[in-house]
Amino acid sequence: MTPSDSMPAPLDAEYFRTRLLDWFDHHGRSQLPWQQERTPYRVWVSEIMLQQTQVATVIDYFQRFMARFPDVESLAAAELDEVLHLWTGLGYYARARNLHRAARCVVEAYGGHFPVENVEALSALPGIGRSTAGAIIAQATGQRAPILDGNVKRVLSRLHGVGGWPGRPAVERRLWQLAEHYTPHWRCADFTQAMMDMGATLCTRRRPACLLCPFVDDCVAHRAGEETRYPESKPKKTTPLRHTLMLMLIDEEGRVLLEQRPASGLWGGLWGLPQFDDETQLRDWLDSHAPGSRFGERRQPFVHAFTHFRLEITPLTAHLSRGSAGVAEGQHWYDPLQPASLGLAAPVKALLDAQTTLL
DNA sequence: AATCCGGGGAA
DNA sequence: TTCCCAGGATT
């Protein structure tokens, strides 16, 4: 599909820029800390801090950061721990680690000079992607460079009624294309700031102030009365359903065999029932670990929900006919009538509690 | 190209 | 609690 096919025509670029910059001159933000003394270093730090983080939260962190690390050399010379300390509370700490690495890279590879001349060199630095590179270039140098952050995505998707989740490549391509179309060669710093300010203060995610918007008559979403439909949210992934068998091996005194799980991973370090992917594995295990046992019954499966998946658990019972097997390392015979204080996985506890009521 | 990762704030 | 944000890195 070519861009000109079956796509609504964008607005005239000059019309859009004029109206946007006129709005910005009256309502845009021009007194933010990083807008004063616009060095590439200060703009860079601010853009990294502003990733996934709102302006009001960033301001104090930015001031403290600049007081301690006034230039890229001081940042490069610092210990990572101190950088992380100044970042504490901002979240996304990989940003701080990348910032520190990038500072050393700029000092060593570019002699402390940010490669603001080309997007590729800039976005090769850790923590700087396509949009952040564009923002740094536009804000620090005024050169033409499009950006596409969450705010711009929201403004453009509403203005043109661009459906689909922006995380989808085709949707993102279309939005970049629109951003390219509108980005001017003049006043590019103001333009990109204006787009972000629009998204942050006017074209907000909920309850956008459409009556104050310079594009109220142009906006596809507004004309349809469906502003909040855009941008579409990420489709909820139906959590996958996995299956497992849990063996309740019961001795003649009604005790149940538990095994301690590996220290890491699901239910790390907790005690659980022996688990198997299928009944063959389970029978093999019984043959080698509890040869005197007889197979019991397959009970009603139930589903336990995790964050990332659901687990269908099928309980199976088996009985030891001649006393108990020995207790090996990492094993425990659990007496439902005199339960020891063990960390139990939730569904295992439910099974053991149910077993108790059967006695 | 698709998926993963991230932590705090807002609703 | 859930959603999602001034995205980037990884595979």
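Order of the sequence lines sets the chain letters (A, B, ...), proteins ahead of strands, with each chain counted from 1. None of the values given here were measured: they were computed from a predicted structure.
- Contact annotation: A/Thr132 reaches the phosphate of C/dG8 (side-chain N/O to OP1 or OP2, under 4.0 Å).
- Looking at heavy-atom distances under 4.0 Å, A/Val58 makes no contact with the nucleic acid at all.
- Nucleic acid contact for A/Gly89: sugar-phosphate only, since backbone atoms but no base atoms lie under 4.0 Å from a heavy atom of the residue.
- Residue-level contact check: A/Gln193 touches the bases, meaning some heavy atom is under 4.0 Å from a base atom.
- When the nearest nucleotides of DNA chain C are assigned to A/Trp34 and A/Ala124 by heavy-atom distance, the more 5′-ward of the two goes with A/Trp34.
- Distance CG (A/Leu99) to P (B/dG6): 18 Å, rounded to an integer number of Å.
- Put simply, the side chain of A/Leu202 does not reach to within 4.5 Å of the side chain of A/His27, judged on heavy atoms.
- Whole-Å rounding puts the A/Gln51 CD to C/dG8 C1' distance at 7 Å.
- Closest to the A/Thr57 side chain, of the nucleotides C/dC4, B/dG9, C/dC5, is B/dG9.
- Taking the six-membered ring where tryptophan is involved, the planes of A/Trp285 and A/His289 are essentially parallel, since the angle between them stays under 30° and well short of 60°.
- One finds the CG atom of A/Asp60 at 14.5 Å from the CZ atom of A/Phe65 (value rounded to the nearest 0.5 Å).
- As a whole-Å value, the separation of A/Leu50 CG from C/dG8 P is 12 Å.
- Across all strands, A/Arg95 comes closer than 4.0 Å to no nucleic acid atom at all (heavy-atom distances).
- Regarding A/Ile147, its CD1 atom lies at a distance of 15 Å from the P atom of C/dC5, rounded to whole Å.
- Set against C/dC5, C/dA6, C/dG8, the side chain of A/Arg205 has C/dC5 as its closest nucleotide.
- In this pair, A/Phe215 and A/Tyr15 present their aromatic rings perpendicular. The plane angle is above 60°, beyond the 30 to 60° band.
- Note on A/Arg207: nothing from the nucleic acid sits closer than 4.0 angstrom, heavy atoms only.
- Going from atom CD of A/Gln54 over to atom C1' of B/dG8 covers 10 Å, rounded to whole Å.
- Proximity note for A/Tyr92 (side chain, C-beta onward) versus B/dG7, C/dA6, B/dG9: the nearest is B/dG7.
- Between C/dC3 and B/dG6, the distance separating the two C1' atoms is 14 Å to the nearest Å.
- Within 4.0 Å of A/Ile48, counting heavy atoms only, lies no atom of the nucleic acid at all.
- Note on A/Glu47: nothing from the nucleic acid sits closer than 4.0 angstrom, heavy atoms only.
- Across the protein-nucleic acid pair, A/Met49 atom CE and C/dG8 atom C1' stand 17 Å apart, rounded to whole Å.
- For the C1' atoms, the distance from C/dA6 to B/dT3 is 22 Å, rounded to whole Å.
- Following rounding to the nearest Å, A/Arg168 (CZ) and C/dG7 (P) show an atom-to-atom distance of 20 Å.
- At the phosphate of B/dG8, OP1 or OP2 sits under 4.0 Å from a side-chain N or O atom of A/Tyr93.
- A/Arg206 comes within 4.0 angstrom of sugar-phosphate atoms only, judged by non-hydrogen atoms across all strands, and of no base.
- No close placement of the A/Phe24 and A/Phe191 rings is indicated, their centers lying 6.0 Å or farther apart.
- The shortest heavy-atom contact between A/Trp87 and A/Leu99 is CZ3-CD2, 3.7 Å.
- Regarding A/Lys153, its NZ atom lies at a distance of 9 Å from the P atom of C/dC5, rounded to whole Å.
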